[in-house]
Amino acid sequence: MKVEIRARAFAPWEELAEHQAHLPPGSYGACAAFVGSMRDFNEGERVTAMTLEHYAGMTERQLRQLTGDAARRHGLLDALVVHRVGALQPNEPIVLVAAWSAHRAAAFAACAEIMESLKSRATFWKKESTPGGERWVEKNTPGANIE
Amino acid sequence: MKVEIRARAFAPWEELAEHQAHLPPGSYGACAAFVGSMRDFNEGERVTAMTLEHYAGMTERQLRQLTGDAARRHGLLDALVVHRVGALQPNEPIVLVAAWSAHRAAAFAACAEIMESLKSRATFWKKESTPGGERWVEKNTPGANIE
Amino acid sequence: MSVRIKCFASLRQRLGIGQTELAHRRGMTIGDAWRALSEEPPPENLLCARNLEYADLQQAVEDGDEIAFFPPVTGG
Amino acid sequence: MSVRIKCFASLRQRLGIGQTELAHRRGMTIGDAWRALSEEPPPENLLCARNLEYADLQQAVEDGDEIAFFPPVTGG
């Protein structure tokens, strides 16, 4: 299980492939993954840049807890979480979550659950730059319910 | 939207990154992806090889229909489905499904829905080679319910 | 006046039929096509297609159709 | 005898406090720490942490603790 905070742009699918290459071949039958990236448009306004603030120390701790909880609950073989902080440009990845398991139900459920827990508990805050100035994002969009 | 049948091994995360590179930058905020791959163990026995038979013509048609249906229902920006046929070795990818949308709920739900529809409707059949001989896989493992 | 028949996977092996042709008859159904292939009753979990779309045994067969029989699918 | 206080995001900007120290008092709660920072009542959606774990305003503060105040999180 790996959880990382990144201060620079990252290539999520390459990170995922690289991480997966270290898993025992033939052990997993399913990998569910999610990548959230920066849109250039939000709540009716053009977004030209974004800053992601976080609570260093608490963020890593919360991410490890919530990822570990989901991994145990769903019997995952492995999980990977990478989250960006700092100054972002449109189209840059914000978060990568991946979950490996024997069969698909656990991978899907765990990946979605990690994303929802991350959105509600991990100590990150987005500030958007728009033509009208800077604004803190006040709340997240609704997520998915996976059973 | 792209749907493809492959007769040779493929690198799913590279395919995904390559496909995504052609989407308008900043247009999508979410990509949910799933990769199913060949395990070396199933139903209590070691699996040394697998053959994936399919109904050429009907498979592509069913995949296009079910992917298009999910894309419309969830308002996806794009979707990608790649499915392997022929002779497979353990650890080789069988299927890649990816769904791009503005926000995460649609991407997660559509990706899971495409996988479930594909499992129940797309005309593929798995035959496993085990130390005890060859056997047709009779039914799929249960899937995920995503709302 | 003919109908193309295809069988897949375990059913193809059991019937020993991958692809064949049947004469088309007026009023023919997919069930009639099955009976022309096998003396066994259709398996409970049998799936059928007509012209690349799922169909059932009651459905009519037109001249020139492609009819397929196969077990539950196991892709993905 | 002191408690480290951190504030984040819009709350950090509004209070003009990123990090500060408060004297620790016996029986001190997280709510007491808030009142030492601001004359405003705690915002309805205020989140608090004690030593990197979520906490609430009623919770006791020990000497040497790190207490944090922040608005709803918006990562992912």
Side-chain angles (χ1 to χ4, degrees), chain A residues 11-21 23-42 46-48 74 89-112 115-116 119 140-147, chain B residues 11-21 23-42 46-48 74 89-112 115-116 119 140-147:
Chain A
W13 309 117
E14 291 162 34
E15 299 262 346
L16 206 171
E18 154 72 17
H19 186 88
Q20 186 174 274
L23 301 187
S27 64
Y28 54 91
C31 177
F34 178 83
V35 172
S37 40
M38 191 190 147
R39 293 168 69 224
D40 57 12
F41 201 82
N42 194 24
R46 195 153 60 81
V47 181
T48 53
H74 296 283
Q89 296 299 310
N91 205 45
E92 287 185 358
I94 298 169
V95 62
L96 160 66
V97 171
W100 287 267
S101 60
H103 301 289
R104 74 191 183 287
F108 267 124
C111 181
M115 269 307 297
E116 297 314 307
K119 285 262 181 186
N140 276 320
T141 51
N145 293 318
I146 304 209
E147 280 153 16
Chain B
W13 308 117
E14 290 161 35
E15 299 263 344
L16 206 170
E18 155 71 19
H19 186 88
Q20 186 174 275
L23 301 188
S27 64
Y28 54 91
C31 177
F34 178 83
V35 171
S37 40
M38 190 190 149
R39 292 167 70 225
D40 56 13
F41 201 82
N42 194 24
R46 197 154 58 83
V47 182
T48 54
H74 296 284
Q89 296 300 308
N91 205 43
E92 287 186 0
I94 297 168
V95 61
L96 160 67
V97 170
W100 287 266
S101 59
H103 301 288
R104 74 190 184 286
F108 268 125
C111 181
M115 269 308 297
E116 296 315 306
K119 285 262 181 187
N140 276 321
T141 52
N145 294 318
I146 304 209
E147 279 153 18

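Proteins come first, then strands; the chains are lettered A, B, ... in the order of their sequence lines, and each starts at number 1.
For Ser101(A), the side chain to side chain contact (heavy atoms under 4.5 Å, CB included) partners at least two apart in sequence or on another chain are Ala30(A), Leu76(A), Ala106(A), Ala107(A). By the side chain to side chain contact (heavy atoms under 4.5 Å, CB included) test, Asp40(A) is found to be paired with Pro90(A), residues two or more places apart in sequence or in another chain being considered. Shown here are the ring pair (Phe, Tyr, Trp, His ring centres under 6.0 Å) partners of His19(A), two or more places apart in sequence or in another chain: Trp100(A).
Neither the backbone nor the side chain of Glu92(A) comes within contact range of chain B; no heavy atom of the residue lies under 4.5 Å from a heavy atom of that chain.
Contact residues of residues 11-18 of chain B toward chain A are Trp13(B), Leu16(B), Ala17(B) (heavy-atom distance under 4.5 Å).
If you tally non-hydrogen atom pairs under 4.5 Å between each of Gly36(A), Ala98(A), Ala33(A) and chain B, the highest count goes to Ala33(A). If you tally non-hydrogen atom pairs under 4.5 Å between each of Ala102(A), Ser27(A), Pro93(A), Pro24(A) and chain B, the highest count goes to Ala102(A).
Summarising the geometry of Gly143(B) relative to Ala105(A), their closest heavy-atom pair is O-CB, 3.7 Å, with the distance given to 0.1 Å.
The CZ atom of Phe108(B) lies 4.0 Å from the SG atom of Cys111(A); values are rounded to the nearest 0.5 Å.
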